[in-house]
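The next block holds one structure in the form of structure tokens; read it before the comments.
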Amino acid sequence: MPDVSESKHLPPDDDMTNMADMTEVYSSYKSALFSLAYRMLGSVSDAEDIVQEAFLNLNQVSLHSIHHVKSYLWKVTTNLSIDFLRSARKRREVYVGSWLPEPIIKGKGADPAEQVIANEELSIAFLHLLENLNPVERAVFLLREVYSYSYDEIAQLIGKSPDNSRKIQSRAKQKVGDLSPKAGGDRSKKEKTVRDFMEVVQSNNIEKLLSILSDDFTIYSDGGGKAKANLRPIFGIKRAVAFFKGVYSKIPSNLIVMEADVNGQPGMIMKADDQIFYVLAFQFDNDKLSALYNIVNPEKLKHLKKLK
DNA sequence: GGGTCAGTAGCTTTACTCAG
DNA sequence: CTGAGTAAAGCTACTGACCC
């Protein structure tokens with residue numbers, strides 16, 4: 001039986017059972033566990049809750065009775081995330097409009113665990129794509145594609161056979177297509193495209209807008225029923241241009257448009273009175289934009305208040 | 001890694017019963 | 001007779017095992 005603790009995705013576990021106390025365990029593993037939970041849930045606050053719960057779980061058993069603290073925490077976090085997603089899925093069935101992940105913005109004041117995500121280029125587009133997978137598929141897909149676990153290790157973590165894990169992964173890949181987990185591509189080109197887009201937004205230059213959007217450009221907006229946002233995705237460049245024309249006339253004059261690092265990718269934020277009202281993330285297709293993810297739901301932006 | 005197939009769970013539709 | 005409630009049947013999607 002393989003031991004998941006031998007995997008290379010967490011800090012070394014040489015003799016964790018002798019760790020002085022929980023504080024040391026917490027500081028060693030918090031970021032990696034948060035990273036996994038955020039990938040699973042697409043929510044900063046829920047990922048934090050899951051990590052807290054995993055450590056609470058650990059607290060309830062003696063540290064010395066666990067052979068490998070690292071694999072124990074990894075397993076608990078995976079399974080807590082699966083359980084959470086199962087119940088969250090029911091809630092999302094009645095979610096108003098499109099559901100998008102909570103964005104993580106690089107900046108002073110952000111939580112160190114969130115900064116890990118920001119540095120991992122975990123794009124909103126990728127997290128949005130993962131929404132097509134059921135909780136178990138999502139866990140298997142991430143463990144395999146992102147963390148390079150073997151099927152034997154995955155089977156141990158999720159309590160299924162290696163054969164079955166491989167099949168789950170195969171089905172998951174079919175569902176999400178061949179989109180790479182990491183966004184990749186030329187960052188400077190992406191930054192330029194976003195700057196061009198910002199200019200268009202501020203100048204209402206429709207001709208330039210057409211030159212930076214791909215034909216299948218799609219706009220997803222998440223207002224969560226708490227902020228004004230289109231309830232259904234807007235497909236196609238023509239509809240998107242019509243949408244932007246409509247929006248342009250309604251942009252408040254005090255709204256400041258700024259470049260931002262959204263989940264490790266070039267993006268935009270719009271703020272007024274030092275408060276972020278819009279976070280815009282993009283999907284890139286070479287030097288064009290193929291999708292815009294507009295996160296307006298105040299619940300999903302409240303963790304950005306501490307940013308400077 | 002992926003195709004196939006049997007088993008299973010869950011959802012929808014239909015038929016039936018019973019009270020008002 | 002009608003409408004509400006419930007059980008049974010049918011269908012569909014998902015899951016897991018086996019095989020190439």
Side-chain angles (χ1 to χ4, degrees), chain A residues 1-10 32-33 35-43 46-47 49-50 53-54 57 68 71-101 120-185 216 218 220 222 224-225 231-233 235 283 285 290-291:
Chain A
M1 186 70 102
D3 187 341
V4 290
S5 68
E6 297 308 316
S7 295
K8 50 270 177 203
H9 322 292
L10 286 167
L33 294 174
S35 170
L36 170 66
Y38 176 73
R39 280 183 160 94
M40 282 290 289
L41 308 174
S43 160
D46 294 337
D49 288 348
I50 291 292
E53 206 174 328
N57 224 308
H68 286 292
S71 46
Y72 178 86
L73 283 170
W74 205 243
K75 186 173 184 171
V76 169
T77 304
T78 302
N79 287 293
L80 282 174
S81 299
I82 290 172
D83 290 345
F84 186 92
L85 269 182
R86 283 188 176 132
S87 54
R89 194 153 281 239
K90 289 208 171 80
R91 290 199 299 275
R92 282 177 199 173
E93 277 169 12
V94 291
Y95 193 83
V96 181
S98 305
W99 183 93
L100 292 175
E120 282 177 349
E121 292 194 12
L122 185 56
S123 71
I124 294 287
F126 176 63
L127 290 170
H128 185 241
L129 191 76
L130 290 182
E131 274 299 292
N132 295 313
L133 305 180
N134 70 36
V136 175
E137 284 172 343
R138 196 162 173 156
V140 172
F141 184 80
L142 288 171
L143 292 169
R144 180 70 182 167
E145 296 291 318
V146 180
Y147 299 101
S148 307
Y149 274 105
S150 71
Y151 288 115
D152 285 342
E153 291 170 328
I154 294 170
Q156 251 197 309
L157 284 172
I158 63 167
K160 296 193 187 285
S161 70
D163 258 9
N164 192 16
S165 303
R166 188 155 38 81
K167 191 67 203 170
I168 292 168
Q169 163 69 358
S170 164
R171 286 171 179 146
K173 274 178 91 171
Q174 260 181 5
K175 281 188 188 175
V176 301
D178 55 359
L179 194 103
S180 160
K182 286 204 171 180
D216 58 348
T218 307
Y220 301 92
D222 179 350
L231 294 177
R232 291 163 190 264
F235 297 105
Q283 189 174 349
D285 181 7
S290 58

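Convention: sequence-line order gives letters A, B, ...; per-chain numbering from 1. These numbers were taken from a predicted model, which means no experiment stands behind them.
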Q) Hey, which of these two, A:Arg166 or A:Arg171, hits DNA chain C nearer its 5' end, going by closest nucleotide? A) A:Arg171

Q: Identify the heavy atoms of A:Val140 and A:Ser165 that sit nearest to each other, and give their distance.
A: CG1-O, 3.5 Å

Q: Compute the angle between the rotation axes at the two ends of the helix from B:dG1-C:dC20 to B:dG20-C:dC1, each taken over five pairs, rounded to 10 degrees.
A: 0°

Q) How far does CG of A:Leu80 sit from CG of A:Asp46, to the nearest 0.5 angstrom? A) 12.0 Å

Q) Does anyone know the first and last nucleotide of DNA chain C in reach of chain A, 5' to 3', at under 4.0 angstrom to a heavy atom? A) C:dT15 to C:dC18

Q. At what distance, to the nearest 0.5 angstrom, does CG of A:Leu73 lie from OG1 of A:Thr78?
A. 10.5 Å

Q: To the nearest Å, give me how far apart CD1 (A:Ile168) and C1' (B:dG1) are.
A: 15 Å

Q.
Ring-plane angle category for A:Trp74 and A:Tyr149, please: parallel below 30°, perpendicular beyond 60°, tilted otherwise.
A. tilted

Q: Grab the CG-P distance between A:Asn164 and B:dG1 for me, whole Å please.
A: 15 Å

Q: Can you check whether any acceptor in the base of B:dG2 is under 3.5 Å from a donor in the side chain of A:Lys173, or vice versa?
A: no

Q) A:Ser35 and A:Arg39: side-chain donor and acceptor closer than 3.5 Å? A) yes

Q | Test item: A:Ile82 and A:Met40 side chains (from C-beta on) under 4.5 Å apart, heavy atoms | A | yes

Q: Report yes if the side chains of A:Gln156 and A:Lys75 come closer than 4.5 Å at any heavy-atom pair, otherwise no.
A: no

(Q) Nearest whole Å is fine: how far is B:dA9 P from A:Asn134 CG? (A) 16 Å

Q: Look up atom OH in A:Tyr151 and atom CD1 in A:Ile168, then write down how far apart they are to the nearest 0.5 Å.
A: 10.5 Å

